[in-house]
Amino acid sequence: MSGTLFVVATPIGNLQDMTPRALDVLRSVSLIAAEDTRHSARLLQHFGINTPTTACHDHNERDKSVRLIERLSGGEDMALISDAGTPLISDPGYHLVRLAREAGVRVCPIPGSCALIAALSAAGLPSDRFTFEGFLPAKAHGRQQRLQALASEERTWMLYEAPHRLLECLEDMLAILGPARQVVLGRELTKTFETIKGAPIAELVDWVRADSDQQRGECVLVVEGLPAAPADDVLSPEVERVLDILLADLPVKQAAALAAKITGEKKNRLYQVALGKA
Ligand code: SAM
C-alpha cells in the first residue's frame with residue numbers, strides 16, 4: 001500500500017487561520033516537504049510540530065519529487081506546504097502532485113487560506129465566474145501585452161503583484177483598460193494592516209500614488225470584467241475586421257467614424273464596440 005501525499009494550506013498572515021485538520025496532518029506524517037524549510041520552521045515551531053522537513057522548491061522540485069514518490073510508494077505519508085497559503089497556487093508543488101497521481105499515490109488536499117480566494121470573497125465583484133492570472137511578467141512590455149489580452153475578458157480576473165511593481169501595474173491598467181474599470185486592491189490580507197480598497201482604476205492609481213504605505217506588503221488585484229456586449233452589439237465579421245484594422249492605428253472616435261463610412265454601420269454602435277476593444 002502506498003502512502004498519502006497531503007497538500008496542506010497554511011495561513012497567509014494570520015496564524016489563527018491554521019485549521020485543526022492541517023495541524024493533525026502535519027503532526028501525523030513522517031515528512032513535510034516545504035518550499036523553504038527555514039521559513040516553515042517558524043510556523044511549525046509556533047504550533048509545536050516536530051515532524052522532519054525537507055526542501056521542495058522551484059529549483060529542485062523535479063529531482064526531489066522522484067525521491068519523494070519512492071518514499072510515498074513505499075508506504076510513508078507526507079505533507080506538502082508552501083511558505084504561505086495553498087501550495088501550487090503561484091507556488092511549487094505541481095510536479096510532485098502530478099508524479100504522485102501518475103504513480104497511483106493518493107493525493108489529499110487539506111484546504112485553507114489562499115490570497116486570491118480571500119480577496120475575491122471580499123471584493124464585491126462578480127464571483128460566479130472568474131479567472132486567475134498569477135503574476136504578470138515583471139518587465140513592462142510583457143506585462144502590457146498580457147493586459148492587452150485581458151482587456152476583453154468578461155469574467156472577473158485576478159492577479160498577484162509584487163508591491164514594488166504595484167503602481168506601475170495599475171498605471172498600465174489605466175492606459176490599457178481606461179479609467180472607469182473597477183479594481184479592488186487586497187493588501188496584507190488577514191494581517192494587521194489589511195486594506196481592501198475598490199475604486200475605478202483612475203482613482204485607485206491616484207490613491208496608491210499618494211500613499212507610499214499602499215506600495216508595501218503583499219497584494220492581490222481583482223479586476224472587473226468587461227461587461228458582455230448586448231446581442232445587438234455583435235458586429236458582422238467583416239465590419240469587425242474593418243474596425244480592428246482602423247483601431248490599430250487610430251483613436252476610438254476616429255476609427256468608429258471611418259468604419260461607419262466604409263461599412264455603412266451606425267457610427268454610435270461602432271463607437272460602443274470600439275470602446276470595449278480599446
Ligand atoms: N500560495 C499562495 C496563496 O495561496 O495565495 C500564494 C503564493 S505567491 C508566491 C505570493 C503572492 O500571493 C504575494 O506576492 C501576493 O501577491 C499574494 N499574497 C500572499 N499573501 C497575501 C496576503 N496576506 N495579502 C495579499 N496578498 C497576498
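All of these numbers come straight from a predicted model, not from anything done at the bench. In listed order, ligands and their atoms are each counted from 1. Below, each value reflects all heavy atoms present in this structure, side chains not excepted, and no hydrogens, waters or symmetry copies.
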Regarding ligand 1, does [X] bring an N or O atom to under 3.5 Å of one of the ligand's N or O atoms?
X	value
Gly85	no
Gly186	no
Ser90	no
Ile12	yes
Cys114	no
Ile89	yes
Ser82	no
Asp91	yes
Phe135	no

Candidate pair Asp213 and Arg216, rule salt bridge (charged side-chain N to carboxylate O under 4.0 Å, His left out), full reasoning: CA-CA 6 Å; Asp213 281 349; Arg216 301 207 179 103; 2.6 Å; yes
For ligand 1, is any non-hydrogen atom under 4.0 Å from [X]'s backbone (N, CA, C, O), its side chain (CB onward), both, or neither?
X	value
Ala162	neither
Glu188	backbone
Cys219	backbone

Beyond-backbone contact of [X] with [Y], side-chain heavy atoms, under 4.5 angstrom:
X	Y	result
Asp83	Thr10	no
Ile12	Cys114	no
Ile196	Leu185	no

Numbering the atoms of ligand 1 from 1, which are under 4.0 Å from a heavy atom of [X]?
X	result
Glu161	16 (O)
Thr86	1 (N), 3 (C), 4 (O)
Lys191	23 (N)

Sidechain N-carboxylate O distance under 4.0 Å for Glu224, Arg181: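 Looking at Arg181 together with Glu224, the answer is no, because their closest N to O distance does not fall below 4.0 Å.
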Counting only heavy atoms not in [X] (residues, nucleotides, ligands), do more than 12 fall under 6.0 Å from its [atom1]?
X	atom1	result
His141	NE2	no
Lys191	NZ	yes
Arg209	CZ	yes
Glu102	CD	yes

Taking [atom] as the reference point, the nearest protein heavy atom with its distance:
atom	answer
atom 18 (N) of ligand 1	Ala115 CB, 3.4 Å
atom 5 (O) of ligand 1	Tyr160 OH, 2.7 Å
atom 26 (N) of ligand 1	Val220 CG2, 3.3 Å
atom 2 (C) of ligand 1	Ala84 O, 3.3 Å
atom 13 (C) of ligand 1	Glu218 OE2, 3.6 Å

Nearest heavy atoms of Phe193 and Arg187, plus distance in Å: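 In this case the closest contact between Phe193 and Arg187 is O-NH2, 3.5 Å.
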Heavy-atom closest pair, residues Glu188 and Gly217: OE1-CA, 3.3 Å
Ile196, Thr190, Leu166, Leu189: member with heavy atom nearest to atom 24 (N) of ligand 1: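 Heavy atom nearest to atom 24 (N) of ligand 1 belongs to Leu189.
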Gly13 to ligand 1, any heavy atom closer than 4.0 Å: no
Ser152 side chain to Lys277 side chain, donor-acceptor N/O pair below 3.5 angstrom: no
Distance-only side-chain donor-acceptor flag, Asn14 / Thr190, under 3.5 Å: no
